[in-house]
Every structure is written in C-alpha cells, then in structure tokens.
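Since the structure comes first, as structure tokens, the remarks are kept for the end.
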Amino acid sequence: MKKFLVFLLFVIILVGGLVFTCPTKQQHVDAVMNEVNGLVGDAASDIGIDTDSGWGVVGKMAIGSLAQNYLESQLYYNNYFVFSTCQITFNGKTSTTSIGVFNHVFTTSKEEMKKKIFSLDFIK
C-alpha cells in the first residue's frame, strides 16, 4: 500500500509539472519562426544573397515579418493540458508543425518543413 501511495504521488507531481509547463501558442510560433528564418537564410545563401548586409537584411526582415503574421493567424493551437501541438492547413491538408512539452517546443525538421513549404501550389 505504501508503494502504491508513493507511486500515486509521483504520478500526480509528474502530471502537475506537465500541466504547469505546457507551452503556449506564442512559444510554438516563436519556435516555428526560428525554423522558417533558418530556411529563409539557407534559401538566400543558395542563390547568392548575403543576408548579413544591405538589402539582404531588409529582405530577410520583410519576409520574416510576413511569415510571423501568417503563422500567428494560421497556426491552430491544441492544448491537451500535459502537452500541446500546433497544426497548419495548406490546400486542405493539415500538418503538425510542432509539439510542446515541459516548456520546450519541438518542431519538425528543416528538411520536412522545406518539403511542406515548397510543395504549396502558390509557390509553383
């Protein structure tokens, strides 16, 4: 009986910790934006644009601002109390972009995100 009570107390503390450290929508948006900014920088360097000076900085800021506004309006936040997810819908297909637990947000890999972004109809 004592082992059961200790186990029950452990489970209650664990679930309580999960509930109180469940990431917010803004944390998900920030994590996804970090990945998107990395993709923008990679794409710019692939075509020879220096994003550290001049017009490259301006372009990166403009694209980042547009992406931030789009993600804030289009990401659907699901709070399951012990963890959270964010999903986005493109062309009728819903895709999970991030999963959050213990105040940390895990995003899909850069390669997976790149496939999702470049498979959109409006980019083709």
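Just so you know, these numbers use all the heavy atoms, side chains as well, and skip hydrogens, waters and symmetry mates. Please read all numbers here as calculations on a predicted model, not as lab measurements.
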Notebook entry, point to check: Taking all non-hydrogen atoms of both residues, which atom of S84 and which atom of H28 are closest, and how far apart?
Noted result: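 Closest pair (atom of S84, atom of H28, distance): OG-NE2, 2.8 Å.
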Notebook entry, point to check: Can you name the closest pair of heavy atoms from K25 and L75 and give their distance?
Noted result: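 Residues K25 and L75, closest heavy atoms: NZ-O, 3.1 Å.
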Is [Y] reachable from [X] through a run of I, L, V, M, F, W or Y residues, each pair having side-chain heavy atoms under 4.5 Å apart?
| X | Y | value |
| --- | --- | --- |
| V36 | V29 | yes |
| V82 | V101 | yes |
| F106 | F83 | yes |

Next item on the list: Would you please name every residue forming a side chain to side chain contact (heavy atoms under 4.5 Å, CB included) with N78, sequence neighbours left out?
Entry: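 Scan of N78 (side chain to side chain contact (heavy atoms under 4.5 Å, CB included), adjacent residues dropped) gives Y76, Y80, T85, Q87.
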Notebook entry, point to check: Can you name the side chain to side chain contact (heavy atoms under 4.5 Å, CB included) partners of Q74, sequence neighbours left out?
Noted result: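 Result, side chain to side chain contact (heavy atoms under 4.5 Å, CB included) vs Q74: Y70, I88.
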Notebook entry, point to check: Sequence neighbours excluded, which residues qualify as side chain to side chain donor-acceptor pair (under 3.5 Å) partners of N34?
Noted result: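 For N34, no residue satisfies side chain to side chain donor-acceptor pair (under 3.5 Å) once neighbours in sequence are set aside.
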Next item on the list: Could you tell me which residues satisfy side chain to side chain donor-acceptor pair (under 3.5 Å) with T94, sequence neighbours excluded, listed by chain and number?
Entry: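 Side chain to side chain donor-acceptor pair (under 3.5 Å) check on T94 returns T89.
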Contacts under 3.5 angstrom, residues 8-24 side chains, donor-acceptor by atom type, not counting sequence neighbours:
{"residue": "T21", "atom": "OG1", "partner": "G17", "partner atom": "O", "Å": "2.6"}
{"residue": "T24", "atom": "OG1", "partner": "Q27", "partner atom": "N", "Å": "3.3"}
{"residue": "T24", "atom": "OG1", "partner": "Q27", "partner atom": "OE1", "Å": "3.4"}

Item checked: With F102 via ring-ring contact (aromatic ring centres under 6.0 Å, His included) - residues at least two apart ->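 Residues passing ring-ring contact (aromatic ring centres under 6.0 Å, His included) with F102: none at all.
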Notebook entry, point to check: With no hydrogens and no angle check, is any side-chain donor or acceptor of T107 less than 3.5 Å from a backbone partner on V32?
Noted result: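 The answer is no, because no donor-acceptor pair under 3.5 Å joins these two groups.
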